[in-house]
Chemist: 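Quick one: the structure is below, and I'll ask about it shortly.
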Amino acid sequence: MAVELNTKTKLAGLIGHPVGHSVSPYLQNTLADKYDINMAYLAFDVASDGDIYNVINGAKSLGAIGFNVTVPYKKSVMPFLAGIDETAKKIGAVNTMKLKSDGYHGYNTDMPGFCRALDYAGITVSGKNVVLIGAGGAANAVLCGLLEKKTETILILNRTVEKADALAERFRDSYKDTKIYTAKLDGSCIPVMDKISSDKWTAIQCTSVGMSPEIDKAPIEENAFYERLDAAFDIIFNPRETLFLKKAREHGAATANGLGMLLFQGIRSFEIWNDINVDDGIAAEMLAGMDQAMD
Ligand code: ATR
């Protein structure tokens, strides 16, 4: 790391449990290096929810400029923040905190990170049909991004359909221009898709199915599903090409994995802390570095 630590070094970090495999320290310290910002970013493994109050107040006293927040604390930090931005409120989760004069303010950069990753991959969703697979935390931020991008129709598919219904319900009132449907995640969703639209669909995969080491699994097996796609995005990045993406590609769809989303959520946090814009050239260099590091 080229940043020389001294009395002016600003502290940032990650709060989560576990944090041992996080790429955020690599990502943030590389960005600090590229932009010549005197910031050091460390991973803090916080043992339990009961520690969050002390962590936030101690960090505030130390003047740490900001934190990323990961599983399992994206909700539990919220009561201790001085403010929460609208996007994080809608999603109901904070993954970034920034120190201001009255304390830490909360943001969600998964949503803008997803949107920029889609743009970067050249996948357009505005005015289109999107099938969103999954209804957990990641799907929540992705749904918000799709709605902000003015997707015409969204069909949320989930193994537990009640969770898809609850997710749709959270957002329906705030985004009346998009039609949101829900269905069970299995072959029975295909006639549902055909009934809604005969146009092609973009699929966004937000479950953990197909993640290493379970690389021979896909959230939906039927070829008929993949025939209906012209683009597919998987939030998983390990393996680089999940079975879901492979099937989509073999049926002629454009594909992108989750490495871009991982990068761009981190970039957005870095931008918030340092009040700068990270350009696509730097992002491309970073993405190539992260991709290489996976070998
Ligand atoms: P995350 O924060 O990563 O989204 P999560 O909130 O636990 O994690 O959500 C996991 C998602 O993956 C859910 O949509 C879950 O489906 P259920 O709501 O039915 O549990 C989905 N998921 C996990 N394992 C799955 C499997 N074997 N088959 C289908 N869906 C699965």
Side-chain angles (χ1 to χ4, degrees), residues 14-24 49 68-78 87-88 90-96 106-115 117-118 130-147 154-171 180-190 192-193 203-222 225-226 232-239 242-245 247-248 257-266 269:
L14 171 68
I15 305 169
H17 182 72
V19 295
H21 293 289
S22 173
V23 299
S24 292
D49 257 354
N68 283 130
V69 184
T70 189
V71 178
Y73 302 126
K74 288 186 179 189
K75 285 185 191 300
S76 44
V77 296
M78 293 174 81
T87 301
K90 269 186 204 156
I91 296 168
V94 160
N95 80 327
T96 300
Y107 304 84
N108 186 300
T109 71
D110 290 327
M111 187 280 252
F114 165 68
C115 290
L118 268 192
V130 171
V131 48
L132 170 61
I133 303 172
N140 203 320
V142 163
L143 177 59
C144 188
L146 293 171
L147 291 165
I154 299 173
L155 172 62
I156 308 173
L157 302 177
N158 202 44
R159 176 177 61 181
T160 319
V161 78
E162 292 76 15
K163 282 199 207 160
D165 291 339
L167 180 57
E169 214 42 55
R170 274 180 68 93
F171 286 93
I180 310 178
Y181 302 89
T182 60
K184 178 131 181 87
L185 174 59
D186 59 25
S188 68
C189 74
I190 296 161
V192 176
M193 290 165 75
I204 317 283
Q205 201 301 108
C206 295
T207 75
S208 49
V209 181
M211 194 184 286
S212 182
E214 304 215 304
I215 59 169
D216 56 346
K217 295 208 166 76
I220 180 156
E221 299 287 345
E222 285 77 356
F225 173 82
Y226 296 92
F233 185 101
D234 199 325
I235 65 160
I236 295 173
F237 52 86
N238 184 16
T242 56
L243 181 57
F244 167 80
L245 285 187
K247 279 171 156 287
N257 70 22
L259 209 55
M261 182 172 172
L262 176 70
L263 171 67
F264 285 116
Q265 62 76 31
S269 301

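In listed order, ligands and their atoms are each counted from 1.
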Chemist: Of the options Asn108, Asp110, Asn68, which is the one that meets Lys74 in a side chain to side chain donor-acceptor pair (under 3.5 Å)?
Modeler: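 Among Asn108, Asp110, Asn68, the one meeting side chain to side chain donor-acceptor pair (under 3.5 Å) with Lys74 is Asp110.
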Chemist: To which protein heavy atom is atom 9 (O) of ligand 1 closest, and what is the distance rounded to 0.1 Å?
Modeler: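 Result for atom 9 (O) of ligand 1: Gly136 CA, 3.4 Å.
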Chemist: Donor-acceptor pair, Gln265 side chain versus Leu262 backbone, under 3.5 Å?
Modeler: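 Judged by distance alone, yes, a pair lies under 3.5 Å.
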Chemist: Quick check: Gly137 and ligand 1, any N/O pair under 3.5 Å apart?
Modeler: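 Indeed, backbone or side chain, Gly137 has an N or O that close.
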Chemist: Donor-acceptor pair, distance only, cut-off 3.5 Å: does the side chain of Lys184 make one with the backbone of Asn158?
Modeler: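 No: the side chain of Lys184 does not pair with the backbone of Asn158.
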Chemist: Just to be sure I read this right, does ligand 1 sit under 4.0 Å from the backbone of Thr207, its side chain, both, or neither, counting only heavy atoms?
Modeler: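 Both backbone and side chain of Thr207 come within 4.0 Å of ligand 1.
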Chemist: With a 4.0 Å heavy-atom cut-off (strictly under), which part of Thr160 contacts ligand 1: side chain, backbone, both or neither?
Modeler: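 Both backbone and side chain.
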Chemist: Can the ring centroids of Phe233 and Phe114 be said to lie less than 6.0 angstrom from one another?
Modeler: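 They qualify: ring centres under 6.0 Å apart.
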Chemist: Checking the N or O distance criterion of under 3.5 Å, is ligand 1 in contact with Ala135?
Modeler: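 Yes, Ala135 has an N/O under 3.5 Å of an N/O on ligand 1.
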Chemist: I'd like the name of whichever of Arg159, Lys74, Lys163, Gln205 reaches closest to atom 27 (N) of ligand 1 through any heavy atom.
Modeler: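 Among Arg159, Lys74, Lys163, Gln205, the closest heavy atom to atom 27 (N) of ligand 1 comes from Arg159.
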Chemist: Considering the heavy atoms of Gly134, write down every atom of ligand 1 situated less than 4.0 Å from one of them.
Modeler: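 The atoms of ligand 1 under 4.0 Å from a heavy atom of Gly134 are 14 (O).
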Chemist: With no hydrogens and no angle check, is any side-chain donor or acceptor of Arg170 less than 3.5 Å from a backbone partner on Ile91?
Modeler: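 Looks like yes, one N/O pair under 3.5 Å.
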Chemist: Is the closest heavy atom of Ser208 to ligand 1 under 4.0 Å?
Modeler: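 True for this residue.
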Chemist: For atom 7 (O) of ligand 1, state whether the nearest protein heavy atom is under 4.0 Å away.
Modeler: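 Neighbour list for atom 7 (O) of ligand 1 is empty of protein heavy atoms (cut-off 4.0 Å).
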Chemist: Run the numbers for me: atoms of ligand 1, each under 4.0 Å from some heavy atom of Ala138, listed by number.
Modeler: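 Listed by number with element: 1 (P), 2 (O), 4 (O).
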Chemist: Tell me if a side-chain donor or acceptor on Thr160 pairs with a main-chain N or O of Glu162 at a distance below 3.5 Å.
Modeler: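 Such a contact is absent between Thr160 side chain and Glu162 backbone.
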Chemist: To which protein heavy atom is atom 18 (O) of ligand 1 closest, and what is the distance rounded to 0.1 Å?
Modeler: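 The closest one turns out to be Asn158 ND2, 2.8 Å.
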Chemist: Return a yes/no value for Val209: is any of its N or O atoms, backbone included, closer than 3.5 angstrom to an N or O of ligand 1?
Modeler: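 Among all N and O atoms of Val209, none is under 3.5 Å from an N or O of ligand 1.
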Chemist: Counting distance only, does the side-chain N/O of Tyr226 pair as donor-acceptor with the main-chain N or O of Ile220 below 3.5 Å?
Modeler: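 Checking the backbone N and O of Ile220 against the side chain of Tyr226, a donor-acceptor pair under 3.5 Å is found.
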Chemist: Looking at Glu221, is its backbone amide N or carbonyl O close enough to the side chain of Lys247 to form a donor-acceptor pair, meaning the two atoms are under 3.5 Å apart?
Modeler: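 It does hold such a pair.
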